[in-house]
Amino acid sequence: MDLAVELARQLAAAFLKAAGQPFYYIGILFVILLYRRQIALERRLFATRLHSLAGVAVRTVLAGIIAGAAVSLAMAFVGATVPFGAVLWLWGVSIILALVKVRFICIAYSAGLLGLLHALIGAFPRVLDWPVAGTLLKPLAELPVSSMLALVGLLHLLEAVFVKRQGAQMAMPMFIEGKRGKIVGAYQLQQYWPVPLVLLVPAQTSAAALPWTPLFGGDIWASGWTFAAMPVLLGFAERTVTLLPQQKAQRSARRLFAYSAILLVLAALAEWLPAFVWIGASGSILLHEALVLWSNYEEKGAPLYVHDQLGLKILGVLPNSPAEEMGLLPGERIHKANGAKVRTKEELHYALQSNAAFCRLEVIDREGHNRFVQKALFTGDHHLLGVILAPDDKVVYYLEEQNVHWLTKAVSRLSAKPDTKDVDRSL
């Protein structure tokens, strides 16, 4: 009973600290700004939004809270010994890395860098004797790299679950320049989750003894324990021109599962074999980059979202549109409209205008089978059909990468609309 009362008291205090933790709200603000920018870009490209900012923000925050509770429970048995000074370092490094590239805000990079700095300080301990540097570097010298790597592994395990379930929900269709200079259709998958963690940490207290011994830490738990708030931000960003968004998300989830499993093994080895601190910290970064390279490698195939002789390829479907009600899906082809073969946007527009009150389409689905769909059309609809077709040679808008200084580029990602060249609206 004494332990239950102490756990409840310490948890309540930790949740109060978490509620006043500014880094968590910075993470939420960062996510909202990114999603707001994406929705603004959707409006600019397609004259309508494809996602709801409020719905996405609520879903993202709730998912992060669930992930935080699950990881906090797991880390109570693993053993989290992350000092508050290391948390400040973690967020400071994450913010700096995000200015270089947004996806670097992932904890895998900042935790890996802190682990390498910890190992360097261990190799050159005299830097701790310097007046200012010693004070700043002391939290890194005390950093338990094995606990940090275990935390990264568990967070990515939860991220894999969320990518599997939610990775395609914020997918945004876009037109980009392909490898041979041709404009092709693509999807940008981007999700971020602010995760509030409440970690069980050792402390010099008179708290009741734990009925279990955490895996990492050894005898340090004998002197007492407490809970500490530690917010983190998980991120997932992919782009695909060869796969459906759902397929890309599923493959990314499988790779994240493998990454988290390897990192948990490295965390255990780093706890019992100090030489693995270098390997684990480096692996946190390099293996994460390997995921990116693997993802890019599978995009070397033929683009999926291009028109061919069988019909017009559908890149996206607008919400609450006739196309959505007819069950049209990205990756399908519109072969005929109102009995007429269509191979260009102009032919499709003319075929739809031939019977302005009714639409009958012959569609070739993703498996290559033909099916027929039909629906009455009403005057005043914002979109005639509600499909975003793959780009053709007459495309007006496409996105291009900016070749500017890295800091200017980072600021533009957060505050300014990206450069575009003429836009192509949905039909």
Straight-line distance of [X] [atom1] to [Y] [atom2], nearest 0.5 Å:
| X | Y | atom1 | atom2 | result |
| --- | --- | --- | --- | --- |
| T60 | I28 | OG1 | CD1 | 10.0 Å |
| L120 | L140 | CG | CG | 10.5 Å |
| L73 | L197 | CG | CG | 12.0 Å |
| H369 | I364 | NE2 | CD1 | 11.0 Å |
| E332 | L329 | CD | CG | 4.5 Å |
| H156 | L291 | NE2 | CG | 8.0 Å |

Let's go through E299 and L243 carefully: what are the C-alpha distance in whole Å and the side-chain angles of both, what is the deciding distance for side chain to side chain contact (heavy atoms under 4.5 Å, CB included) to 0.1 Å, and is it a yes or a no? CA-CA 8 Å; E299 293 298 322; L243 298 169; 4.2 Å; yes

Neighbour count >12 (heavy atoms, 6.0 Å) for atom CZ, R36: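 Open: at most 12 neighbouring heavy atoms sit under 6.0 Å from CZ of R36.
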
Minimal non-hydrogen separation, [X] against [Y], with atom names:
| X | Y | answer |
| --- | --- | --- |
| L53 | I32 | CD1-O, 4.0 Å |
| G331 | L244 | CA-CD2, 4.2 Å |
| G112 | I285 | C-CD1, 3.7 Å |
| S146 | A270 | CB-C, 4.1 Å |
| F175 | A390 | CE2-C, 4.5 Å |
| I39 | H51 | CD1-O, 3.6 Å |

Given the rule in the ring pair (Phe, Tyr, Trp, His ring centres under 6.0 Å) test, do Y305 and Y187 qualify, once you have shown the distances and angles that lead to the verdict? CA-CA 9 Å; Y305 305 102; Y187 266 96; 5.5 Å; yes

Short side-chain to backbone donor-acceptor contact, [X] and [Y], under 3.5 Å:
| X | Y | result |
| --- | --- | --- |
| Y259 | G153 | no |
| S260 | F257 | yes |
| W89 | L136 | yes |

Would you call [X] and [Y] a side-chain contact if the rule is heavy atoms closer than 4.5 Å?
| X | Y | result |
| --- | --- | --- |
| L114 | L90 | yes |
| C359 | L385 | yes |
| Y192 | L234 | no |
| L149 | S284 | yes |
| L233 | V195 | no |
| S94 | I107 | no |
| W91 | P231 | yes |
| L157 | L155 | no |

Can you pull the salt bridge (Lys or Arg N to Asp or Glu O under 4.0 Å) pairs that have at least one residue in residues 311-328, sequence neighbours excluded? E325-K375

Dump the intermediate steps for side chain to side chain contact (heavy atoms under 4.5 Å, CB included) on L328 and L361, then the final yes or no. CA-CA 10 Å; L328 299 183; L361 301 177; 3.9 Å; yes

Partners passing side chain to side chain contact (heavy atoms under 4.5 Å, CB included) against [X] (at least two apart in sequence or in another chain):
| X | value |
| --- | --- |
| S295 | E238, K248, R255, E298 |
| I65 | Y24, V61, P196 |
| A74 | L154 |
| L273 | L269, F276 |

Candidates L318, V317, I314 - the one meeting side chain to side chain contact (heavy atoms under 4.5 Å, CB included) with I388: L318

Residues R239, L189; criterion side chain to side chain contact (heavy atoms under 4.5 Å, CB included); working and verdict: CA-CA 6 Å; R239 178 180 291 182; L189 288 73; over 6 Å; no

Go through the side-chain N and O atoms of H288 and Y109 and say whether any donor and acceptor fall under 3.5 Å apart. yes

Between L143 and I121, is the side chain to side chain contact (heavy atoms under 4.5 Å, CB included) condition met? List the steps. CA-CA 11 Å; L143 179 70; I121 293 172; over 6 Å; no

Atom pairs and distances, side-chain donor-acceptor, residues 158-174, under 3.5 Å, sequence neighbours left out:
residue: K164; atom: NZ; partner: Q250; partner atom: OE1; Å: 2.9
residue: Q166; atom: OE1; partner: W193; partner atom: NE1; Å: 3.3
residue: Q169; atom: OE1; partner: R59; partner atom: NE; Å: 2.6
residue: Q169; atom: OE1; partner: R59; partner atom: NH2; Å: 3.3

Tell me whether D365 is salt-bridged to R333, with the criterion being a basic N under 4.0 Å from an acidic carboxylate O. no

